[in-house]
Student: 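Starting off with a structure, shown below.
So that the names make sense, note that chain A is the first sequence line, chain B the second, and so on, each numbered from 1. Note that the coordinates shown come from a computational prediction; the quantities given were computed from them, not determined experimentally. Heavy-atom basis, side chains included; hydrogens, waters and symmetry copies ignored.
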Amino acid sequence: MESKDEIVKTIPRTFYERDTVKVARDLLGKKLIRTIGKQTISGIITETEAYRYSDDPASHAYRGLTSRNRAMFEQVGKAYVYFTYGMYFCFNVVARNQNFAAGAVLIRGLKPEKGIDIMKKNRGIDKIANLTNGPAKLTQALRITKKQYGVDLAKKSELFLMDGIDRKKIFASKRIGIKNGLHKLWNFKISI
DNA sequence: ATGCAGATTGACT
DNA sequence: GTCAATCTGCATA
């Protein structure tokens, strides 16, 4: 029997084969793990946003398949990373049920757990509260770039997800930084 | 302390 | 042409 710390249980593929909105809610409290060589960086997911398909004008997949959003149409449980604002990356988890051809959950916030010193270095700042409290901040802290496009998060690798903590209250609100589809309350948060 | 303008780049319509 | 997140610096009260 391995020691308890060595047992890493990832989240099964079936978890991601459900309505994108449901997966977004259920991703709250899960752990995101990033391994770079011997180093491990991890955090608890505290904020997510669901982006669906042709019913969702704010989604990258709204107008169909392109080379950028390709991952949203491919296997669930993989990473969709895109470049934004000329200097940042955003990290999404592909998730959808049979009714949709595409869908992904944007991870907007984490609570830092392991590797906080590495995150500080990656971000060039010292204040823990500002390390991963934004979609482009967390990709910087975990060094997620286009290189991680399509990485399988359901398998233990350089980047994956596993079960985390019990969630208390979940707050639903409008999604941030978009112009269309604002009536949908598909932004989910927890406070830890 | 709070808040707002400016800068930055690539994908898509 | 439009649209995305974050940091910085400068103004305000």
Side-chain angles (χ1 to χ4, degrees), chain A residues 20-21 23-24 27-28 30 32 34 36 41-75 78-96 100-113 115-151 153 159 161 171-192:
Chain A
T20 312
V21 178
V23 176
L27 241 17
L28 296 171
K30 302 283 191 251
L32 179 63
R34 172 82 165 114
I36 303 170
I41 311 172
S42 73
I44 308 252
I45 297 174
T46 54
E47 185 176 354
T48 62
E49 262 168 26
Y51 287 93
R52 231 150 57 172
Y53 182 46
S54 44
D55 64 329
D56 182 7
S59 171
H60 282 175
Y62 180 56
R63 290 167 220 273
L65 177 69
T66 66
S67 56
R68 178 176 63 161
N69 67 20
R70 189 183 89 245
M72 291 180 75
F73 291 81
E74 293 180 345
Q75 190 178 33
K78 295 197 167 177
Y80 168 44
V81 182
Y82 65 86
F83 185 65
T84 189
Y85 280 111
M87 35 172 49
Y88 301 112
F89 294 97
C90 290
F91 168 68
N92 300 252
V93 180
V94 179
R96 78 185 100 89
F100 296 94
V105 177
L106 172 65
I107 307 301
R108 291 194 63 90
L110 294 177
K111 182 189 183 219
E113 278 225 310
I116 290 177
D117 289 342
I118 307 168
M119 293 197 228
K120 286 181 181 169
K121 226 169 89 201
N122 290 162
R123 295 265 299 115
I125 59 159
D126 235 32
K127 203 175 162 214
I128 292 178
N130 284 342
L131 244 28
T132 52
N133 61 333
K137 294 182 183 180
L138 84 244
T139 54
Q140 221 171 56
L142 304 206
R143 270 205 250 148
I144 296 173
T145 66
K146 271 270 194 49
K147 279 211 189 94
Q148 277 68 236
Y149 192 101
V151 166
L153 305 164
L159 185 67
L161 285 157
F171 303 89
S173 31
K174 288 181 195 163
R175 292 175 293 177
I176 297 169
I178 56 169
K179 292 279 162 69
N180 297 309
L182 280 171
H183 62 285
K184 292 177 162 70
L185 297 181
W186 287 358
N187 171 290
F188 303 105
K189 265 177 291 213
I190 52 173
S191 42
I192 299 180

Student: Let's see if you get this right: which residues in residues 132-139 of chain A place a heavy atom under 4.0 Å from DNA chain C?
Tutor: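 Under 4.0 Å from DNA chain C: G134(A), P135(A), A136(A), K137(A).
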Student: Please identify the 5'-most and 3'-most nucleotides of DNA chain B with any atom under 4.0 angstrom from a heavy atom of chain A.
Tutor: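 Result: dT8(B) to dT13(B).
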Student: Can you give me the bend angle of the helix from dA1(B)-dT12(C) to dC12(B)-dG1(C)? Use the axis through the first five pairs and the one through the last five, nearest 10 degrees.
Tutor: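 One end's axis against the other's: 30°.
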Student: When the distance from CG of N130(A) to P of dT8(C) is rounded to whole Å, what number comes out?
Tutor: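 N130(A) atom CG is separated from dT8(C) atom P by 10 Å.
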Student: For dT6(C), does either OP1 or OP2 sit under 4.0 Å from a side-chain N or O belonging to R123(A)?
Tutor: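 No.
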Student: Under the rule for ring-ring contact (aromatic ring centres under 6.0 Å, His included), what residues qualify as partners of Y82(A), not counting sequence neighbours?
Tutor: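 ring-ring contact (aromatic ring centres under 6.0 Å, His included) check on Y82(A) returns H60(A), Y80(A).
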Student: What residues, two or more places apart in sequence or in another chain, satisfy ring-ring contact (aromatic ring centres under 6.0 Å, His included) together with Y53(A)?
Tutor: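 For Y53(A), the residues satisfying ring-ring contact (aromatic ring centres under 6.0 Å, His included) (neighbours in sequence not counted) are F73(A).
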Student: From CG of D126(A) over to C1' of dC7(C), roughly how many Å is that when rounded to an integer?
Tutor: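 Whole-Å distance recorded here is 16 Å.
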Student: Both Q140(A) and I178(A) contact DNA chain C. Which one's nearest nucleotide lies toward the 5' end?
Tutor: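 Residue closer to the 5' terminus by nearest nucleotide: I178(A).
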Student: Rounded to whole Å, please give me the gap between CZ in F91(A) and C1' in dA5(C).
Tutor: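 Rounded to the whole Å, the gap is 17 Å.
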Student: Measure the distance from CD1 on I144(A) to P on dT6(C) and round it to the nearest whole Å.
Tutor: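 Spelled out: CD1 on I144(A) to P on dT6(C) is 13 Å.
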Student: Using a 4.0 Å cut-off on heavy atoms, which residues in residues 47-74 of chain A reach DNA chain C? List them by number, or say none.
Tutor: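 Under 4.0 Å from DNA chain C: no residue of residues 47-74 of chain A.
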